[in-house]
Every structure is written in C-alpha cells, then in structure tokens.
Amino acid sequence: APSPGDLNAQERLFLSSLGLSSRPRPADSRPQRRHVPSALWRMFRSSEHRKKAQDSDPCTVAEYGVKGNIIRYVQDQGEGGEVPSWNGLEKQLFFNMSVLQPVEQLTLARLEVRFHWGPLLSSELLSSDRGLSVTLYRVIRATLKGADRQTNRRLLLSQSVQLQPESTAVTLDLTSVAESWRKPGRNYGLVLEMLDLSLPLVQSSLVLVSLNPEQCRSRQR
Amino acid sequence: RSAVHLPVSPSNVCRARRLYIDFKDVGWQDWIIAPQGYMANYCHGECPFPLSETLNGTNHAILQTLVHSLDPQGTPQPCCVPIRLSPISMLYYDNNDNVVLRHYQDMVVDECGCR
C-alpha cells in the first residue's frame with residue numbers, strides 16, 4: 001500500500017495540474033458558504049451536454065464567445081459596505097487578481113453588479129419612472145481623503161438603472177482594466193456611486209475567463 | 001526462431017474498462033461542487049501477436065509483438081494505454097472562496113490501444 005507521504009505527493013501533483021497549490025479548505029469551514037451563481041450551473045450543465053454530443057472545444061467558452069478553459073466568479077473584497085457620499089451612497093469594490101496564475105491568458109473580465117431592494121422598494125417607487133443613477137470609477141492611485149479622492153478616479157460607467165421588484169443588474173466589460181490590475185501595485189479597485197435612491201443591497205462579482213495554454217492543447221494538434 | 005502463439009482470450013485483450021472515480025473516496029467532496037464523481041475508465045489487457053486492427057497498434061507496436069513472440073523473456077509486449085481521452089468540467093471552490101468552473105482535458109479514457 002502507498003505510504004501517506006506518497007499519497008500526499010501524488011495529490012499535490014494532481015492539484016497543481018488543476019491549478020491549485022493545495023487542497024481548498026472544506027466548504028463547511030467557510031464562514032459563509034458561497035452561493036454558486038446560476039450562470040455557472042448553466043455553463044456546467046451545457047458543457048456536459050456538449051461533451052456527450054462531442055461537439056465542444058474545451059478551450060472555448062461558448063457562452064461568452066472567447067477562448068478559455070477557466071471561468072471564475074471572483075467575489076468582491078472591497079472594505080466596508082455602502083457609505084454615504086456627498087450626494088448618495090458609495091461603495092468600494094476590490095477583486096483579487098492574484099487568483100490567476102501568471103501563465104493564464106485573461107480573455108474576458110466582466111463586472112456584474114446586482115442591486116437588491118426586496119420588500120424595501122415600495123410599489124410607489126416601482127410605478128414611478130425613477131431609476132437608480134449608477135456611476136462607476138476606477139481608482140488609479142491609493143484612495144485619498146477629501147478633494148484628492150475625486151481626482152484619483154477615472155470614470156468607467158454612468159447610467160440609470162430601471163427599478164425592478166426583486167433585483168436588477170449592471171454589467172460592464174472590464175477586460176483591459178482587469179489585465180492592468182495583474183501588474184503589481186496597480187490594483188486599487190473601483191468605486192461605485194449610487195445616487196437618488198438609498199439602501200439597495202449591492203452584490204458584485206467579476207467574471208474572469210482565462211486560458212491556460214499548458215492545459216489547453218488545440219484539438220487539431 | 002519460430003513465433004510463439006499464446007492463446008489470449010478476448011477478455012484479456014487490451015481495451016477500456018469501466019472505472020468510476022468518486023471524489024468522496026479521495027476526500028475531495030468538500031470543495032468540489034460538481035460532479036461528485038465521474039466515469040474515468042482505464043486501459044487494461046494484453047497486446048498479443050498478431051496485433052489486430054482493433055488494437056490500434058503503431059508500426060512499432062506491431063514489430064514489438066513480433067519480437068516478443070520470438071523472445072518472450074527478453075522483450076515485453078507493447079503497453080495497453082489510452083489513445084483517446086476526453087475532457088470533463090469541474091465546478092469547485094478555490095482557496096479564496098471564489099467559485100470556479102474549469103474544463104480539464106484528458107480526464108476520461110475513451111479508447112485504448114497498444115503502443
């Protein structure tokens with residue numbers, strides 16, 4: 001029988017081929033077991049179907065139309081919740097890009113911000129034409145206090161979001177921004193400003209699609 | 001030297017055998033979200049002389065079986081190995097609690113051959 005040391009070495013070898021440095025900690029040890037996004041479940045099931053039909057290229061993510069073999073829902077690690085700003089609410093967003101291995105080629109980064117009001121959103125507001133005014137900035141230097149904070153931002157998006165009873169979402173292609181975040185000392189995150197309406201619950205994810213060329217050989221070869 | 005023909009029953013001939021890998025058996029059920037296991041299969045069996053076309057032998061393997069039949073002690077039979085594999089997708093939590101869907105090539109043995 002193999003010794004525990006042999007088994008550990010074998011496991012490390014296989015985990016490293018999966019792109020993992022060690023065995024991830026068990027789900028039941030996590031403070032909040034992360035919800036699996038329904039879009040990922042759909043992609044997982046459709047990849048199973050395509051595999052059975054043998055018409056899939058495992059190095060292409062058909063749902064996004066880009067090359068890739070890894071899809072990550074990177075969760076927001078921005079500090080604190082929504083805080084009042086001079087004319088609404090402000091939230092810091094931060095996505096840890098070090099989860100990508102250097103060998104991986106980033107082919108898509110898509111920000112998904114979902115606003116939930118739930119029962120807080122009154123029927124009066126819903127029936128009105130009011131929307132939520134959303135502005136997204138990229139922070140280009142460490143966030144400073146006061147007036148400097150405004151000058152250290154670059155506008156990425158400004159739009160009005162129509163109110164929906166359950167939730168509503170904003171998506172934005174951030175591929176080039178996320179690629180620049182991979183360089184050391186370049187990732188200061190984003191700032192999301194919400195004007196006019198108060199108290200939506202904000203959930204943000206950065207969907208990253210990447211290709212590990214070492215693990216994704218072309219079918220033609 | 002004359003070739004030695006050893007009888008090989010069809011059940012001993014190189015081919016893919018069923019193997020279901022249950023991630024619970026390797027203690028990975030806590031971080032792999034799906035699938036819980038999959039049909040990985042494996043190759044097993046002999047590569048006897050003469051190699052039939054169904055055994056997908058290379059020219060080298062055909063010659064090796066011939067030499068093996070003449071000198072069973074000095075030259076082994078070719079190996080029964082995977083010649084066609086297919087990918088699977090796995091959904092799991094990484095160490096940063098992100099949910100990851102990853103496509104892995106060469107995880108399922110579809111076909112075996114003598115090489």
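What's counted below: heavy atoms across the whole structure, side chains too, no hydrogens, waters or symmetry copies. Below, chain A is the first sequence line, B the second, and so on; all start at residue 1.
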Interatomic distance, [X] atom [atom1] to [Y] atom [atom2] [nearest 0.5 angstrom]:
X      : Y      : atom1 : atom2 : result
A/N212 : B/Q105 : CG    : CD    : 10.0 Å
B/D97  : A/N96  : CG    : CG    : 12.0 Å
B/H103 : A/L211 : NE2   : CG    : 11.0 Å
B/I88  : A/F44  : CD1   : CZ    : 7.5 Å

Part of [X] within contact of chain B (heavy atom distance under 4.5 Å):
X      : result
A/F95  : neither
A/L206 : neither
A/S22  : both

Where is the tightest heavy-atom contact between [X] and [Y], given as atom of each residue plus distance?
X      : Y      : result
B/R102 : A/Q101 : NH2-OE1, 4.1 Å
B/N95  : A/P24  : OD1-CA, 3.1 Å
A/R23  : B/V26  : NH2-O, 3.5 Å

| said: Determine whether A/W41 and B/L101 satisfy the following criterion, side chain to side chain contact (heavy atoms under 4.5 Å, CB included), listing intermediate values before the conclusion. | reply: CA-CA 9 Å; A/W41 273 120; B/L101 173 63; over 6 Å; no

Answer yes or no: are there more than 12 heavy-atom neighbours, outside [X] itself, under 6.0 Å from its atom [atom1]?
X      : atom1 : answer
B/Q36  : CD    : no
B/N59  : CG    : no
B/E111 : CD    : yes

| message | Set out, in order, the CA-CA distance, both residues' side-chain angles and the distance that settles side chain to side chain contact (heavy atoms under 4.5 Å, CB included) for A/N69 and B/Y104, then state yes or no. | response | CA-CA 8 Å; A/N69 64 325; B/Y104 291 105; over 6 Å; no

| task | State whether the side chain of B/N98 and the backbone N or O of A/R72 hold a donor-acceptor pair below 3.5 Å, judged by distance alone. | result | no

| query | Are side-chain heavy atoms of B/S89 and A/M43 found at a separation under 4.5 Å? | reply | no

| task | Determine, stepwise, if the pair B/V100 / A/I71 fulfils side chain to side chain contact (heavy atoms under 4.5 Å, CB included). | result | CA-CA 6 Å; B/V100 183; A/I71 305 143; over 6 Å; no

